[in-house]
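What follows is a single structure, written as structure tokens, with notes after it.
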Amino acid sequence: MRFFNFRVAFAGLAACVLALAALAQTGGKNGRGFDKARMDETTSACTDFYQFANGNWLKTTEIPAAYPTWGSFVMLAENNRKTLHEILEESAKNSKARTGSNEQKVGDFYATCMDEAARESLGAKPLVPYLARIDKVSDPKGLNSLITQMHKAGLSAIFGFGALPDLKNSSTVIGFAGQGGLSLPNKEYYEKTDEKSVKLRADFVQHVTNMFQLLGDAPEQAAKNAQTVMAIETRLAQNSRGPVELRDLTKQYHIMGPADLSKLTPNFSWGDYFAGLGLPKDLQINVAHPEFFQAADKMLVEVPVADWKTYLRWHLVRSTAGALSSKFETESFNFFGRTLSGSKEQHPRWRRCTSAADSNLGEALGQVYVARAFTPASKARMQTMITNLLAAFRERVERADWMGEETRKAALAKLGTFKQKIGYPDKWIDYSRLDVKRDSYAANIIRSSEFSQARNLAKIGKPVDLTEWGMTPPTVNAYYHPLYNEIAFPAGILQPPFFNPEADDAINYGSIGAVIGHEITHGFDDSGARFDMQGNMKNWWTPADLKNFQTRGECVVNQFSAYEVEPGLRMTGKLVSGESIADLGGLSVAYDAFLKSMAGKRPEKIDGFTPEQRFFLGWAQVWASRDRPEFVRLMAQSDPHPISRFRVNGPLSNMPQFAAAFQCKAGDPMVRPETERCQVW
């Protein structure tokens with residue numbers, strides 16, 4: 001699951017497939033959210049539970065060509081996307097929609113995206129005004145101005161800047177500046193010397209060469225330009241923090257005013273930059289990664305202006321390739337989709353356009369979506385489950401014998417102030433200032449980007465709006481936001497197989513219940529635990545309790561660091577520790593809540609499995625996933641979430657409750673030795 005990470009606010013079928021999508025809708029053959037046909041009962045549950053729960057599905061399922069991965073999340077997302085597609089087709093055909101209405105905007109946006117002939121005839125023409133601005137730059141001052149213009153349009157340029165709550169005063173929004181400017185996932189992709197990494201960089205340089213040729217550069221010049229881009233990005237990467245370092249928020253807080261900023265970057269005028277964005281010139285901001293800005297500032301004068309222009313031309317076309325003609329779109333897919341992620345072919349145009357509409361006009365589209373796909377009854381049942389999970393977590397905190405009373409009191413106070421969001425916003429985004437026309441898709445994309453950036457920057461200096469959501473309603477996901485101290489569950493995930501009104505409590509608590517528990521635990525994982533009940537980054541732990549907590553977290557780090565993804569590549573325990581702590585805590589809390597729901601009820605076997613066993617099967621089956629090798633490597637090197645197999649087996653192997661449910665014994669692979677068993681919450 002791709003849980004919300006607030007740091008990203010800085011920056012960016014075949015018949016068998018249809019059958020699987022139907023399975024995701026119905027929740028299994030028996031309508032109870034559990035499908036025995038997916039299982040491989042020739043494998044012992046105590047040896048490899050992921051294989052036991054999903055083996056037949058893994059054996060018979062083919063990954064559709066357009067996907068790098070295929071599983072419950074993707075299937076449900078595709079089902080939601082079909083609903084969005086229906087809405088968009090209807091809106092595009094509605095010639096009577098009032099000008100300026102949400103229906104007119106989503107309809108026109110989708111129509112221009114689907115107008116292949118118009119996009120082919122325009123080619124790269126929509127970029128001409130921006131390319132002309134780049135071409136006019138002749139000195140460092142002009143370069144500074146160009147960076148400002150690109151950021152104002154929401155385009156990538158060297159670093160990231162945006163609005164986020166102050167880490168230590170979360171009621172106020174301030175400006176955040178952070179590292180950026182890379183095309184590959186993180187700095188390690190520019191530095192590793194193994195054969196696959198070297199080849200990937202060579203493929204990337206060839207891709208950049210191809211894109212410059214599409215812009216009209218001669219082959220030799222395009223190849224030279226690609227080397228220039230690679231040289232600049234490599235130098236930026238060398239001065240960037242890696243994915244593990246980026247998880248430590250305590251080292252990403254440096255409030256700076258005009259004098260500090262001038263000293264940090266003497267070659268870059270922050271006052272002019274702020275003025276160009278429509279902000280006060282004397283703004284105080286958080287510079288998350290000062291060492292990056294020091295290095296980038298030196299590069300502004302050491303790297304020739306002509307090379308910077310080449311670099312910015314690349315980032316312009318990289319950011320907009322999906323909105324241009326098919327040559328650009330296909331070339332972008334060939335590297336980022338095929339080479340980097342392993343997809344074999346592009347998604348059909350309707351699917352790409354539907355996703356783009358959700359990304360750019362998500363809450364306009366989402367209003368219609370929730371009216372069709374989300375019921376008040378679903379929201380009420382979710383509220384009940386959240387209440388039960390919060391109560392179960394409270395009991396775990398109350399009986400934690402490794403925690404002193406002072407820390408326990410603070411933890412319970414934080415838990416008591418958790419805010420909840422279910423389904424969709426109470427207040428929708430106002431798109432009245434966004435102009436959407438049927439002139440060109442690229443123009444609509446650029447205007448949407450400018451609108452989103454202006455809306456984001458306008459928050460700086462104002463109180464935090466706690467009604468805002470970090471995901472659109474159809475999203476198959478959930479999140480915890482440490483600065484808001486809130487958990488949120490979009491309508492998109494509140495459907496089978498995660499939330500099934502037809503399923504019994506065992507399945508629902510093992511699937512959506514564990515997801516709820518996961519998000520609650522995020523407030524108390526190795527990152528969330530650094531924030532207090534108001535959402536401020538503050539240490540509320542006594543030294544002894546903090547040491548105990550960190551020791552327990554290190555157990556999880558060590559466990560996941562030992563998992564081998566492929567020969568020579570292991571999981572990075574420190575990268576996935578937050579999600580893994582949340583999985584372990586979420587399952588433990590959900591199991592407690594599930595047992596309470598069983599009070600006074602007669603245990604019932606379904607297909608030969610007890611309620612306790614079905615709870616764990618509910619968890620394992622929603623994580624069933626077929627992944628391409630390229631995608632697995634990408635996940636292992638850049639994603640804070642573990643690979644699905646480890647995400648299932650890892651936390652369960654720490655739980656005596658699992659061992660008891662399946663009569664596993666000491667020494668079984670799914671039972672970690674007691675001296676190595678991890679339990680944080």
Side-chain angles (χ1 to χ4, degrees), residues 12 80-81 83-130 149-156 278 316-317 319-326 328-329 347-372 424-425 427-459 468-469 471-475:
N80 291 347
R81 199 168 279 111
T83 302
L84 297 179
H85 181 211
E86 294 171 0
I87 295 168
L88 289 165
E89 285 284 351
E90 294 169 8
S91 299
K93 294 173 183 176
N94 184 5
S95 59
K96 297 181 180 179
R98 178 177 55 82
T99 300
S101 66
N102 283 345
E103 185 173 14
Q104 174 262 311
K105 291 179 179 180
V106 298
D108 286 1
F109 183 96
Y110 179 76
T112 57
C113 182
M114 291 295 292
D115 191 344
E116 188 172 357
R119 290 174 64 173
E120 292 302 307
S121 66
L122 286 171
K125 288 180 182 178
L127 301 186
V128 168
Y130 297 91
Q149 292 173 35
M150 291 186 72
H151 280 196
K152 190 172 184 178
L155 298 170
S156 171
L316 172 65
V317 70
S319 299
T320 57
L324 303 176
S325 62
S326 60
F328 290 92
E329 196 173 19
H347 288 290
R349 184 173 296 280
W350 73 262
R351 198 268 192 192
R352 305 198 302 270
C353 293
T354 300
S355 295
D358 183 38
S359 296
N360 289 275
L361 288 153
E363 291 196 11
L365 188 57
Q367 291 182 56
V368 184
Y369 170 82
V370 296
R372 296 191 184 187
Y424 53 89
K427 183 178 75 175
W428 300 92
I429 291 175
D430 179 4
Y431 292 95
S432 60
R433 293 181 179 273
L434 173 58
D435 192 16
V436 181
K437 302 177 182 178
R438 296 212 178 192
D439 50 355
S440 86
Y441 178 55
N444 281 332
I445 285 289
I446 291 170
R447 286 191 293 260
S448 296
S449 177
E450 292 171 340
F451 166 80
S452 178
Q453 182 72 334
R455 184 173 172 274
N456 178 261
L457 295 176
K459 300 174 186 176
E468 288 191 330
W469 278 62
M471 295 175 177
T472 64
T475 305

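When reading the values below, keep in mind they use all heavy atoms of this one structure, side chains included, and skip hydrogens, waters and symmetry mates.
Ion pairing between R372 and E90 holds under the 4.0 Å rule for side-chain N and carboxylate O.
Considering all non-hydrogen atoms of both residues, V106 and L365 come closest at CG1-N, 4.2 Å. Contact between A111 and R438 at its shortest, heavy atoms only, is CB-NH1, 3.4 Å. When all heavy atoms are compared, the tightest approach of G123 to F328 is C-CE1, 4.5 Å. Across all non-hydrogen atoms, the minimal contact from P126 to I446 is O-CD1, 4.2 Å. Annotation for I445 and A323: closest pair CG1-CB, 3.9 Å, computed over non-hydrogen atoms. Pairing each heavy atom of L434 with each of L361, the nearest pair is CD2-CD2, 3.5 Å.
Once rounded to the nearest 0.5 Å, the distance linking CG of N444 with CZ of F451 reads 13.0 Å. The distance from the CG atom of L155 to the CD atom of E450 is 8.0 Å, given to the nearest 0.5 Å. Atom CZ of residue R81 and atom CZ of residue R352 lie 12.5 Å apart, to the nearest 0.5 angstrom. Between the SG atom in C353 and the CG atom in D358 there is a gap of 13.0 Å [rounded to 0.5 Å]. The distance from atom CD of E103 to atom NZ of K96, rounded to the nearest 0.5 Å, is 12.0 Å. T320 contributes atom OG1, which lies 5.0 Å from atom CG of L316 (distance to the nearest 0.5 angstrom).
Side chain of N80 to main chain of P474: a donor-acceptor pair is present (N/O by atom type, distance under 3.5 Å, no hydrogens or angles). Judged by distance alone, the side chain of Q453 and the main-chain N or O of H151 form a donor-acceptor pair under 3.5 Å. One N or O on the side chain of R119 and one on the backbone of L324 form a donor-acceptor pair closer than 3.5 Å. E89 places no side-chain N or O within donor-acceptor distance of the main-chain N or O of H85, the cut-off being under 3.5 Å.
By the 4.5 Å heavy-atom criterion applied to side chains, R349 and E329 are counted as neighbours. Put simply, the side chain of L88 does not reach to within 4.5 Å of the side chain of M114, judged on heavy atoms.
Checked against the 6.0 Å centroid criterion, the rings of Y424 and Y369 do not qualify as a close aromatic pair.
Defined by atom type and a distance below 3.5 Å, a donor-acceptor pair is missing between the side-chain atoms of S452 and S449.
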